[in-house]
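Down below is the structure, laid out as structure tokens.
In this text, all values refer to a predicted model and were calculated from it rather than measured experimentally. Order of the sequence lines sets the chain letters (A, B, ...), proteins ahead of strands, with each chain counted from 1.
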2 protein chains.
Amino acid sequence: MSPQQPMTAPTLDEVAVAAGVSRSTASRAINGGEKVSPEAQAAVDAAVARLGYTPNRAARSLVTRRTGSIALVIPEPDGRVLADPFLAGTLRGMSQALEPTDLQLVLLIDRPGHHSDRIVRYLRGGHVDGAIIASHHAGDDLEVAVRGLPAVFIGRPYVATEGILYVDVDNVAGSRMAAERLVAAGRRRIATITGPSDMGVAQDRVEGWRAALTAAGLDADLSADGDFTLTGGALAMQDLLARDPEIDGVFAASDLMAQGAMRVLQTAGRSVPRDVSVVGFDDLGIAASTAPALTTIRNPVEEMVRTAADVLLDDLEGRGRATRPVLFSAQLVERASV
Amino acid sequence: MSPQQPMTAPTLDEVAVAAGVSRSTASRAINGGEKVSPEAQAAVDAAVARLGYTPNRAARSLVTRRTGSIALVIPEPDGRVLADPFLAGTLRGMSQALEPTDLQLVLLIDRPGHHSDRIVRYLRGGHVDGAIIASHHAGDDLEVAVRGLPAVFIGRPYVATEGILYVDVDNVAGSRMAAERLVAAGRRRIATITGPSDMGVAQDRVEGWRAALTAAGLDADLSADGDFTLTGGALAMQDLLARDPEIDGVFAASDLMAQGAMRVLQTAGRSVPRDVSVVGFDDLGIAASTAPALTTIRNPVEEMVRTAADVLLDDLEGRGRATRPVLFSAQLVERASV
DNA sequence: TTGTACGCGTTATCAC
DNA sequence: GTGATAACGCGTACAA
């Protein structure tokens, strides 16, 4: 007879019996092994391996008063643009960061029109030990929702509430580099296509663009909202072109929008980069695959997410709580669109 | 004094006291309300609302012997192509399907080189009530892992084990339509770029292509593996072109690969669709945005995922278990690449 | 219809 | 270093 897999999962008691120790000792041996003799430890380890024991999360949670799971709040990707590199990178980073832990990842996807009520309730309902907020807009109540809950934002929150933790790329410096690159290329009429104005990240990227232009003595009046989507970028480019056909440089606050803008430019008979130079933001894959390939600012999403997770874990484990935001430096990636 | 939020979440006992009933009555009123008087029900409802009571999942799981969460197993997206529309669509569909439930979504992302050991262990460890497997390859042990666990595959499993449930698009019919469209366009030398040969979906798409060509009296010898990635598609196209420069039609088993193939064709001086017609598979966003826009076969990912979730939920709720695969019909989307 | 009592599997407290 | 024992919050027979 081959060893049958029992229908019911092995319990701590069974492990204890198999190891010839008490349940308490078995428990201690399994959790860190403090105050347990080498022999007992070995016996328990063997029993665990032989029985294929896995702690019952529910029972453990009940007594530790921790859920053993942390939330990842992400925005609903735009309905038309299913392929969202930022989302994919975020998931991947979180998954990696949590792998050594036995923490579960609870995905909270924000559906449009729901005012994120559901998410706020969930967060406040004590269902998770902590949260990572991957993107948030003004007025979505997320800062409030995480009050009293260990949380880290990815991307600067819209309002700079005291004590809110976040990791971000240095958007101001990055977009300044982008605009400076356009200036250095001899461009004089430089527009920007922005993200949603109710997002801190989008604000910062406008600011950097404006600073560079002002410093170069250029007008910083050509700005249009592109919503971080492909079609949004295209629409914004059309608008800009109508406002000033003499545009010779464009900084788009995301590569997706830059891609949409380039298409509109090319359709309008402008060659990139001969007539118009374009710089994007993100470098999450599509920048390398556009025609021409896009000069852009690298956004280290996965590193940011892993860092956010580490900060959160430190807080959870009581290893001390970070007190200030973490900023990753931006980096210009030269390609063919300037 | 405004009502202070107590540090500790309200318990069922407190609800019962507040409602003036016993804890069992409160419990019944909350879970479905069988055998409970209207007055008691109203009192409990009021108390729940006033106290902001949320059942403790851990305690509930402990006694119901259900974890209250289901797993979504997805493959690691290719390192270079972070933007995977299939992944995004899958997540979105699952999230929607689970929203009315109080089930949690546990994301199991397959990291390359791990032989999915971790995932198999997790699945067998009794941590979830059921599982949806979004993609799987031959030899990843996932069919074994879900033995005895309610599970639904998205996309036909590599080996057709008896009793394994799955939902899929009719890949054979779809790819046959794709190839027939190329034949109808007058193409005579028609190649295919396939997905990984260890995936059932990829096999089926080759089969449909072959069937259409054979029926038309054409050779079905030009096939190259593209791995479902952009660069994979490009490499495969180079290979095909080297094997036969006279190629005038290409069916790629995914839009991403079709995009890569089109680039290679254009670089090689072939105009699409004047010299070579191209048909893709998926229509998940990128097909509409390539140049020229891609004629393709629609892959109803979100519908499939929602269906898979519904099938799984039916099983979990004991509402009867589906006994056979669900096939969605394929649909040709005409654009400009043929 | 309502209430009482028990057990789910684990960790934590305390004597030993 | 070890082992009883008491919670943790909930669902549910079973008795009333």
Side-chain angles (χ1 to χ4, degrees), chain A residues 6-45 47-48 51-69 102-104 125-127 129 316-318, chain B residues 6-45 47-48 51-69 102 125-129 317-318:
Chain A
M7 274 318 291
T8 136
T11 153
L12 184 56
D13 272 307
E14 313 185 86
V15 172
V17 170
V21 299
S22 77
R23 201 179 59 223
S24 324
T25 302
S27 176
R28 264 169 279 161
I30 287 167
N31 308 0
E34 304 259 318
K35 309 256 184 198
V36 47
S37 67
E39 309 85 53
Q41 181 73 29
V44 171
D45 287 346
V48 165
L51 270 50
Y53 170 75
T54 316
N56 181 314
R57 297 179 65 92
R60 175 178 284 178
S61 292
L62 196 53
V63 52
T64 59
R65 311 189 128 285
R66 291 166 135 248
T67 65
S69 58
D102 65 340
L103 256 36
Q104 271 183 7
H127 298 292
D129 298 333
L316 256 38
E317 306 288 336
Chain B
M7 272 319 291
T8 134
T11 154
L12 184 54
D13 272 307
E14 311 184 274
V15 172
V17 171
V21 299
S22 79
R23 207 188 57 221
S24 18
T25 303
S27 175
R28 268 169 276 160
I30 287 168
N31 307 358
E34 304 258 319
K35 309 255 187 197
V36 48
S37 67
E39 310 85 52
Q41 180 74 44
V44 171
D45 288 345
V48 166
L51 269 49
Y53 169 75
T54 315
N56 181 314
R57 297 178 65 92
R60 176 177 283 180
S61 292
L62 197 52
V63 53
T64 59
R65 310 188 128 297
R66 289 166 136 250
T67 65
S69 58
D102 66 340
H127 298 292
V128 290
D129 297 333
E317 306 288 336

Once you round it to whole Å, what is the distance between [atom2] of [N] and [atom1] of [X]?
| X | N | atom1 | atom2 | answer |
| --- | --- | --- | --- | --- |
| Leu51(B) | dG9(D) | CG | P | 14 Å |
| Ile30(A) | dG9(C) | CD1 | P | 14 Å |
| Leu12(A) | dG3(D) | CG | P | 12 Å |
| Glu34(A) | dT2(D) | CD | C1' | 15 Å |
| Asn31(A) | dG9(C) | CG | P | 17 Å |

What are the residues of residues 58-68 of chain B, sorted by number, that bring a heavy atom to within less than 4.0 Å of DNA chain C? Leu62(B), Val63(B), Arg65(B)
Looking at CG of Leu62(A) and CG of Asn56(A), how far apart are the two atoms once the value is rounded to the nearest 0.5 Å?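 Atom-to-atom, Leu62(A):CG and Asn56(A):CG are 9.5 Å apart.
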Mind checking the NE2-CD spacing from His127(B) to Gln104(A)? Nearest 0.5 Å is all I need. 8.0 Å
Ile30(B) versus Leu12(B): any side-chain heavy-atom pair under 4.5 Å?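 The answer is yes, as the side chains (C-beta and beyond) meet within the 4.5 Å cut-off.
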Using a cut-off of less than 4.0 Å, is there contact between a side-chain N or O of [X] and OP1 or OP2 of [N]?
| X | N | result |
| --- | --- | --- |
| Ser27(A) | dT10(C) | no |
| Asn56(A) | dC8(C) | no |
| Tyr53(A) | dT10(C) | yes |

Are the side chain of Ser61(A) and the backbone of Arg66(A) linked by a donor-acceptor contact shorter than 3.5 Å?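 Yes; judged by distance alone, with no hydrogens or angles, the pair exists.
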Any donor-acceptor N/O pair, Arg57(A) side chain to Gly68(A) backbone, under 3.5 Å: yes
Taking every non-hydrogen atom, the tightest pair across Ala47(B) and Ala18(B):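 Of all heavy-atom pairs spanning Ala47(B) and Ala18(B), the closest is CB-CB, 4.0 Å.
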Considering only nitrogen or oxygen atoms on both sides, find all protein atoms under 3.5 Å from nucleotides 2-4 of chain C and state each distance.
{"residue": "dT2(C)", "atom": "OP1", "partner": "Ser37(B)", "partner atom": "OG", "Å": "2.7"}
{"residue": "dT2(C)", "atom": "OP2", "partner": "Ser37(B)", "partner atom": "N", "Å": "3.0"}
{"residue": "dG3(C)", "atom": "OP2", "partner": "Ser22(B)", "partner atom": "N", "Å": "2.8"}
{"residue": "dG3(C)", "atom": "OP2", "partner": "Ser22(B)", "partner atom": "OG", "Å": "3.2"}
{"residue": "dG3(C)", "atom": "OP2", "partner": "Thr25(B)", "partner atom": "OG1", "Å": "3.2"}
{"residue": "dG3(C)", "atom": "N7", "partner": "Ser24(B)", "partner atom": "OG", "Å": "3.3"}
{"residue": "dG3(C)", "atom": "N7", "partner": "Arg28(B)", "partner atom": "NH2", "Å": "3.1"}
{"residue": "dT4(C)", "atom": "O4", "partner": "Ser24(B)", "partner atom": "OG", "Å": "3.3"}

Please indicate whether Glu34(A) has more than 12 foreign heavy atoms, meaning atoms of other residues, nucleotides or ligands, lying under 6.0 Å from its CD. no
Before giving the answer on side-chain contact (heavy atoms from CB on, under 4.5 Å), spell out for Val36(B) and Val44(B) the whole-Å C-alpha distance, their side-chain angles and the decisive distance to 0.1 Å. CA-CA 10 Å; Val36(B) 48; Val44(B) 171; over 6 Å; no
Go through Asn31(B) and Arg60(B) one step at a time and tell me if the side-chain contact (heavy atoms from CB on, under 4.5 Å) criterion holds. CA-CA 11 Å; Asn31(B) 307 358; Arg60(B) 176 177 283 180; 3.4 Å; yes
